[in-house]
There are 2 protein chains.
Amino acid sequence: MIVFPMPKHPSDKTGKPGRRVTLADVAREVGASTITVSRALRRPEMVSEGLRQRIAAAVETLGYLPDPAAQALASRRSNVIGVLIPSVTNNVFSDVLAGLYDTVGGTAFNVQLGNTRYRAEVEEELIRIFLSQRPAGLIVAGIDQTPASRAMLAQAECPVVQIMELGEDPVDMLVGFSHRDAAQAATEHLLAQGYRAPAFLGARMDPRSERRHAGFRAALAAASPEGAAPARELTTTEPSSVRLGGVLFDRLRERFPETDAVFCNNDDLALGAQFAAQRAGLKVGPEVGICGFNDLEVMSAAHPTITSVRTFRRETGETAVRKVLARLAGEEAGPDVTDLQWKLIPRSSTDRG
Amino acid sequence: MIVFPMPKHPSDKTGKPGRRVTLADVAREVGASTITVSRALRRPEMVSEGLRQRIAAAVETLGYLPDPAAQALASRRSNVIGVLIPSVTNNVFSDVLAGLYDTVGGTAFNVQLGNTRYRAEVEEELIRIFLSQRPAGLIVAGIDQTPASRAMLAQAECPVVQIMELGEDPVDMLVGFSHRDAAQAATEHLLAQGYRAPAFLGARMDPRSERRHAGFRAALAAASPEGAAPARELTTTEPSSVRLGGVLFDRLRERFPETDAVFCNNDDLALGAQFAAQRAGLKVGPEVGICGFNDLEVMSAAHPTITSVRTFRRETGETAVRKVLARLAGEEAGPDVTDLQWKLIPRSSTDRG
DNA sequence: ATGCTTATTGACAGCGCTGTCATTCGTCAA
DNA sequence: TTGACGAATGACAGCGCTGTCAATAAGCAT
C-alpha cells in the first residue's frame with residue numbers, strides 16, 4: 001500500500017496511525033479528481049466502467065470510508081433518520097425500534113433516537129434539535145404534536161412519518177392503526193363471550209391509551225342503549241407494569257365487586273391482572289375474563305393463555321423507514337396513510353368454558 | 001428581529017424560510033466575530049460577562065442552533081456516542097439503553113445505536129463505521145470482540161467502555177458483573193433449598209450465557225466432589241422466548257424425569273418454564289424449583305413469584321455514559337473496571353415450603 | 001514610565017466533501 | 001467537413017464551524 005504525504009491538520013502534531021483516508025487519497029491513487037471519486041461512489045452510472053472499477057479497488061485497499069460530517073456539511077443533508085418515541089423500555093416501542101433498525105441496517109442511513117418521555121414540550125425541543133441536523137427523515141410517534149411541533153414538521157425539508165396511530169390529516173405520511181376500533185372490538189368480544197360487567201384498566205394514559213379507552217366506552221354504550229352503563233374503570237398516570245396490573249385488579253374488584261371481565265390497556269397490566277386473579281383463587285376465563293392489548297409474546301405462552309389484540313409493531317417500524325427511503329429515492333412512497341390494522345386473538349382467558 | 005442578507009448556497013435558488021441561522025448571524029447581531037460567539041457557547045469563561053450575555057440573548061432571539069456536522073468537521077470530533085449491542089428488543093439491552101438515554105439526555109451528546117445481531121463480524125464492521133465518524137465515545141456490549149475489533153477499539157481516539165461483563169484486560173474501561181459467579185450462586189441456592197437434581201435451560205447461548213452455564217456447572221461440580229454429576233442441560237441457539245421456556249421445560253422433564261429444579265438462563269425462559277410446570281400440574285416451589293436470571297419486573301409479580309438473580313442493567317448504561325462523559329471532561333473516570341455486582345432474590349418458586 | 005503578564009478578541013485557514021458550471025473528446029447527422 | 005451533442009471528467013468555491021496564533025487592551029510590579 002502506497003502512502004502519500006498529506007497536509008496535516010494544524011492540531012495533528014504527531015503522525016498518528018489514525019490519519020484519515022480521504023477522497024483525495026483515493027483520487028491520487030487512481031489519478032482522478034476527488035469529485036470523480038465522489039461520483040463513482042454516489043452515482044456510479046456517471047463514471048466510466050474502467051475508472052469506476054479502479055476507484056472501487058483503491059477504496060478497498062486504502063480502506064476509505066466517507067466522513068458523514070463532511071458529507072452532511074457539503075450536501076446540506078445528513079444521513080440521520082431521526083426517531084422520536086416516548087419511551088425506550090416500553091415493549092411496544094422496542095419492537096418498533098427493532099423494525100426500524102432492521103430496515104435501516106445495511107443502508108447508508110443511521111437512526112438517531114430521541115426519547116420524549118411522554119412530554120410534548122420535550123418532543124418539541126427534540127424536533128428543533130433534530131431538524132438542525134438536516135435529517136434525511138423524521139419519524140415521530142403519535143399524531144398529537146403541539147402546534148409548534150406540527151409547524152416545524154410541516155416545514156421540514158425531509159420526509160416525515162407519524163407512526164402508531166391513524167388520523168385525519170398527517171403532517172406528511174402516517175403509519176398506524178386505529179386504537180379506538182381495536183379496543184372497541186376487544187370489548188365487544190368480552191360482551192359476546194357473555195361477560196356482563198367488563199371493566200377498563202389503564203396506566204400511563206397517553207393519547208393512544210385514551211383512544212383505547214374511548215373504544216371501550218363506545219362498545220359499552222352500544223351494548224346498553226339506554227345509556228345507563230356504569231363506568232367500571234380504573235386508570236392511573238403511573239407507568240404501566242405487571243405488578244401494577246395486579247394492584248389495579250385488586251382495587252377494581254374491591255370497588256366494583258360485580259366485575260367479571262377486564263379489558264386492560266396493555267399486556268403488562270393484563271398479565272398482572274391474571275396473576276392477581278389467580279392469587280385471589282379466581283378461575284381466569286370461566287370466572288373472570290381478561291383481555292390485553294398488543295399481543296406480546298408472553299400472552300400466548302401464559303397459563304392460561306391470554307386474549308389480546310395483536311398489533312403490528314415491528315411492521316410499523318419497517319414501513320415507516322421504507323416510506324422514508326422510498327421518498328428519498330424519489331420513488332412513490334405509497335399512500336400517505338398506511339393502515340396496518342390489528343387483530344383480535346381470542347384465547348383461554350376469555351373463554352367461559 | 002433583524003434579518004441580515006447572507007450569501008446563499010449555490011443550490012439555494014429560493015429564499016426559503018428554512019434558511020439556517022449561523023454563528024455569523026449571531027456574531028453580526030452582537031457585533032463580534034464568529035469565533036468569539038463560538039467560544040461564548042463552548043467556553044463561556046473565556047468571554048467577558050457583558051458580551052456573553054448579549055450573545056446569549058442573540059442566540060435566543062435568532063433561534064440559533066449549532067450545526068453538528070460543521071462542528072464535527074472542524075473539531076474532528078463528533079458529538080456521537082456509539083453504542084453496539086447485539087439486540088434491540090431483548091429486555092436486558094432495552095434496560096441498558098434506557099439508562100444510556102437517560103444519562104446522555106440533556107448533554108450535548110447523542111447516542112447512536114448499532115445492532116450487531118449477535119454476530120462478531122457485524123460488530124467489526126460497525127466499529128469501523130462508527131470510528132469513521134470520529135465518535136465522542138464508544139460503548140460496546142461484551143468482551144469477546146474479534147482481534148481486529150479489539151485492535152480498532154484500542155487505537156480509537158475516544159473513550160471506550162465495554163459493558164455487561166467483567167474481564168481481565170478491558171480495552172479501556174469496563175462496566176459489568178460476573179455472570180459466572182451470579183449463576184453459580186443461583187445454582188448453589190437451588191441446592192441449598194434442598195433440590196437434588198437441578199437442570200440448566202439455555203437459549204441463544206451468547207458468551208454471557210456460556211459463562212452463566214459455566215457457573216451452573218461449577219456449582220454442581222463443587223456439590224458432588226466425585227465429579228459424577230450428570231449433566232442435566234438443555235440449550236438451543238434459538239432466540240429466547242417465554243414460549244421456548246415452556247417447550248424446553250417439557251423436553252427436559254421428558255429426557256431427565258428426575259429433574260426437580262431448573263436454573264434458566266434468563267427470565268423469559270423461567271417464566272415459560274413456570275407456565276409449563278403449571279400446565280403439567282406441578283406445584284412450582286414444592287415440586288419443582290425455578291430460578292431465572294436478570295430479575296425482570298414480571299418475576300416479582302408472577303404467581304407464584306419467581307426467584308431470580310437481579311442484575312443492574314439500567315445502572316450499567318448510566319455508568320457507562322458517565323464514564324465516557326467524565327473522560328471527555330478530563331476528569332478521572334473512576335477505576336477502569338466497575339463491578340456492578342448482582343443480587344440473588346429468592347422467591348416462592350424456589351421455596352419447597 | 002517600562003516591561004511583562006493576563007484577559008479578551010479577532011484573522012485566517014482548513015476540516016472533507018459536494019453543487020455548479022466548465023471543459024474535453026469522440027460521435028454522428030447533414 | 002462541420003457543427004451539435006452527449007458522455008466523462010475536472011476546477012472551484014463554499015457548507016458552518018473551530019484550532020492556532022496574533023493582536024490588542026488592561027493590570028501591575030519595578
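Below, all heavy atoms of this structure are taken into account, side chains as well, without hydrogens, waters or symmetry copies. Everything numeric in this text was worked out from a predicted model, so none of it was measured. Reminder, nothing fancy here: chain letters follow the sequence lines and each chain counts from 1.
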Does OP1 or OP2 of [N] have a side-chain N or O of [X] closer than 4.0 Å?
{"X": "A:Ser48", "N": "D:dT9", "answer": "yes"}
{"X": "B:Arg76", "N": "C:dG16", "answer": "yes"}
{"X": "B:Thr36", "N": "C:dT9", "answer": "no"}
{"X": "A:Thr34", "N": "C:dC17", "answer": "no"}
{"X": "B:Ser75", "N": "D:dT18", "answer": "no"}

Terminal axis angle for the helix from C:dA1-D:dT30 to C:dA30-D:dT1, five pairs an end, nearest 10 degrees: 40°

Taking CG from B:Leu73 and P from C:dA13, how many angstroms apart are they, rounded to a whole number? 17 Å

Roughly, in whole Å, what's the span from CZ in A:Arg28 to P in C:dC17? 12 Å

Checking A:Glu124 against A:Gln145 for the side-chain hydrogen bond (donor to acceptor under 3.5 Å, both in side chains) test, could you report, in this order, the C-alpha distance in whole Å, the side-chain angles of both residues, the deciding distance, and whether it holds? CA-CA 8 Å; A:Glu124 197 173 308; A:Gln145 284 76 31; over 6 Å; no

Counting the atoms with a prime plus P, OP1 and OP2 as sugar-phosphate, which does [X] contact under 4.0 Å by heavy atoms, base, sugar-phosphate, or nothing?
{"X": "B:Arg42", "result": "sugar-phosphate"}
{"X": "B:Arg52", "result": "nothing"}
{"X": "B:Ala32", "result": "sugar-phosphate"}

Does this structure show an ion pair linking A:Glu45 with A:Arg43, if we count only N-O contacts that are shorter than 4.0 Å? yes

Output yes when A:Asp67 and B:Arg134 qualify as a salt bridge under the 4.0 Å nitrogen-oxygen rule, no when they do not. yes

Suppose we call a contact any N or O donor and acceptor under 3.5 Å apart; does that hold for the side chain of A:Arg77 and the base of C:dG19? no

